[in-house]
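Atoms within each ligand, like the ligands themselves, are counted from 1 in listed order.
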Amino acid sequence: MTAPTFEGILNAANLLSAKLPRTPAWSYPLLDERAGRRVIVKHENVQPTGAFKVRGGLTLLAGLSAEQRAAGLVTVSTGNHAQSLAYASRAASVAATIVMPATTPEFKADAVRALGASVALVGASMNDAATYAASLAEQSGAYFVNPGNEAGIVHGHGTVYLELLTQYPEIDTLYVPVGSGSGAAGAVLVRDAISPSTRVVGVQAAGAPAAYRSWKSGELVTADADTLAAGLATGVGFATPQAILRDGLDDFLLVSEAELRDAIATMAHDAHTLCEGAGAAGLAGILQDRDRGVVRGARAGASGAGAPSTPGVAAFACTGGNAGSAELLALAKLDLAA
Ligand SMILES: Cc1ncc(COP(=O)(O)O)c(C=O)c1O
């Protein structure tokens, strides 16, 4: 496994600038008011696949050799990584087989098929599906794309945060949703290189805490994955991102299902945006900090100079808008009285 680097993110940004438009990032007055500070939202939900993962897929495909392309690829995913690789494979004329757990909602499988990839619905869980996908790749000679441990994918995902921190150097806390951790690892590499005073705070669902527990313990652990936020529901820690997150994350928050639903509803109400659970997770972290009275401030000011008294500028990426029925139900229960 090659370790991801900031240089790799710069190269990915160069590559992607010819393939994807730059996504918008701005603030909403109602959201700022509710959060009690300025919040910058980067809209990855407007990507052609509805999620930031398309950046990782396109970057990974560009790095494959001619032999690897000819052999095709196999991967495992419940949704956005699947669409990302299907999209990028179609663009590069590479055959792709996506293994999805048998429990995957039909509309997610349909979205992948519509992008031209083959779908195999196998296994009761992501872990079962991943075992099957690895064996399928071994038998067929196809390249197995590990959804969390590919440097190319971290590089592609890191470009979200390169754009965000370049456009808004005033951001002092960046809240990043964590599933495998590839996006958060990219955010840490960018922060270290261009904005060292920015805090990077990971956010995962309390019902799917594998990355969180791996980060806490310093070991790769497995955990249940029971959350409406499919993008955060990885049942295992991944070595490549965890190696970067270990010292790079300033903090790691777990958010409840109620907090995720509230963040989804808030994005619809205040920011005219449909987020899936994982896409709203960054905001769930911001609102949790507000509720707990946590004031973070910039990194440099926090050491020695005492704790900051006013919250600074927060940011998160709405990483995806592919909402399923549980996320849409959160809108039906819209209650923002608090
Ligand atoms: C919308 C969305 N946000 C966040 C994540 C988490 O990203 P990562 O696996 O890079 O931690 C995912 C993962 O699939 C996702 O689909």
Side-chain angles (χ1 to χ4, degrees), residues 4 9 23 41-47 49-57 59-60 75-87 98 100-101 104 108 111-112 126 130 145-161 174-190 200-205 208-212 214-215 225 227-242 244-245 248-249 252 255 260 263-264 267 273-285 316-324 327:
I9 294 172
T23 54
V41 183
K42 180 140 174 93
H43 282 284
E44 289 298 302
N45 54 300
V46 301
Q47 290 287 11
T49 57
F52 79 119
K53 293 246 153 180
V54 69
R55 296 173 183 257
T59 308
L60 179 102
T75 196
V76 57
S77 167
T78 56
N80 288 328
H81 169 68
Q83 283 201 55
S84 156
L85 281 197
Y87 179 95
I98 316 290
M100 307 178 92
T104 305
K108 293 199 173 184
V112 174
M126 270 295 278
V145 182
N146 183 304
N149 285 335
E150 294 278 354
I153 288 182
V154 174
H155 292 153
H157 295 171
T159 61
V160 173
Y161 301 102
L174 189 52
Y175 294 79
V176 185
V178 181
S180 68
S182 63
V188 164
L189 291 173
V190 170
V200 180
V201 175
V203 184
Q204 195 170 35
Y212 170 85
S214 299
W215 180 74
T227 172
L228 63 80
L232 309 184
T234 36
V236 61
F238 286 86
T240 299
Q242 284 289 335
I244 295 167
L245 300 181
L249 277 189
F252 203 144
V255 291
L260 285 168
I264 292 168
M267 283 299 287
T273 299
L274 175 62
C275 284
E276 59 184 284
L283 178 61
F316 76 99
C318 170
T319 46
N322 292 319
E327 286 124 319

Check: So which heavy atom in the protein is nearest atom 10 (O) of ligand 1, and how far is it from that ligand atom?
Finding: S182 OG, 2.5 Å
Notebook entry, point to check: Where is the nearest protein heavy atom to atom 9 (O) of ligand 1: which residue, which atom, and how far?
Noted result: S180 OG, 2.7 Å
Is there side-chain contact between [X] and [Y], with heavy atoms separated by less than 4.5 Å?
X: L174; Y: V201; answer: no
X: V203; Y: V176; answer: no
X: T273; Y: N45; answer: yes
X: V41; Y: F316; answer: yes

Checklist line | Polar side chain donor-acceptor pair, N80 to E276, under 3.5 angstrom | finding: yes
Notebook entry, point to check: Do T78 and K108 have side-chain atoms, one donor and one acceptor, less than 3.5 Å apart?
Noted result: no
Check: For ligand 1, is H81 a contact, meaning one of its heavy atoms is under 4.0 Å away?
Finding: no
Notebook entry, point to check: Quick check: does G179 get an N/O under 3.5 Å from an N/O on ligand 1?
Noted result: yes
Margin query: Between ligand 1 and G183, is the shortest N or O to N or O distance under 3.5 Å?
Written below: yes
Atoms of ligand 1 close to [X] [distance to a heavy atom under 4.0 angstrom, numbered from 1]:
X: G320; answer: 1 (C)
X: F52; answer: 2 (C), 3 (N), 4 (C), 5 (C), 7 (O), 10 (O), 12 (C), 15 (C)
X: E276; answer: 1 (C)
X: V178; answer: 11 (O)
X: G181; answer: 8 (P), 9 (O), 11 (O)
X: G231; answer: 5 (C), 6 (C), 12 (C), 13 (C), 14 (O), 15 (C), 16 (O)
X: T319; answer: 1 (C), 2 (C), 3 (N), 4 (C)

Note to self: Going by the rule ring-ring contact (aromatic ring centres under 6.0 Å, His included), which residues pair with H157 if we only count those two or more places apart in sequence or in a different chain?
What the structure shows: F52
Item checked: S180 (side chain) donor-acceptor with G148 (main chain) under 3.5 angstrom -> no
Note to self: Please report the interatomic distance CH2(W215) to CD(Q204), rounded to the nearest 0.5 Å.
What the structure shows: 12.0 Å
Please work out, at 4.0 Å between heavy atoms, whether the side chain, the backbone, both, or neither of [X] comes within that distance of ligand 1.
X: K53; result: side chain
X: N80; result: side chain
X: A51; result: neither

Next item on the list: Run the salt-bridge test on E44 and R55 with the 4.0 Å N-O cut-off and return the result as yes or no.
Entry: yes
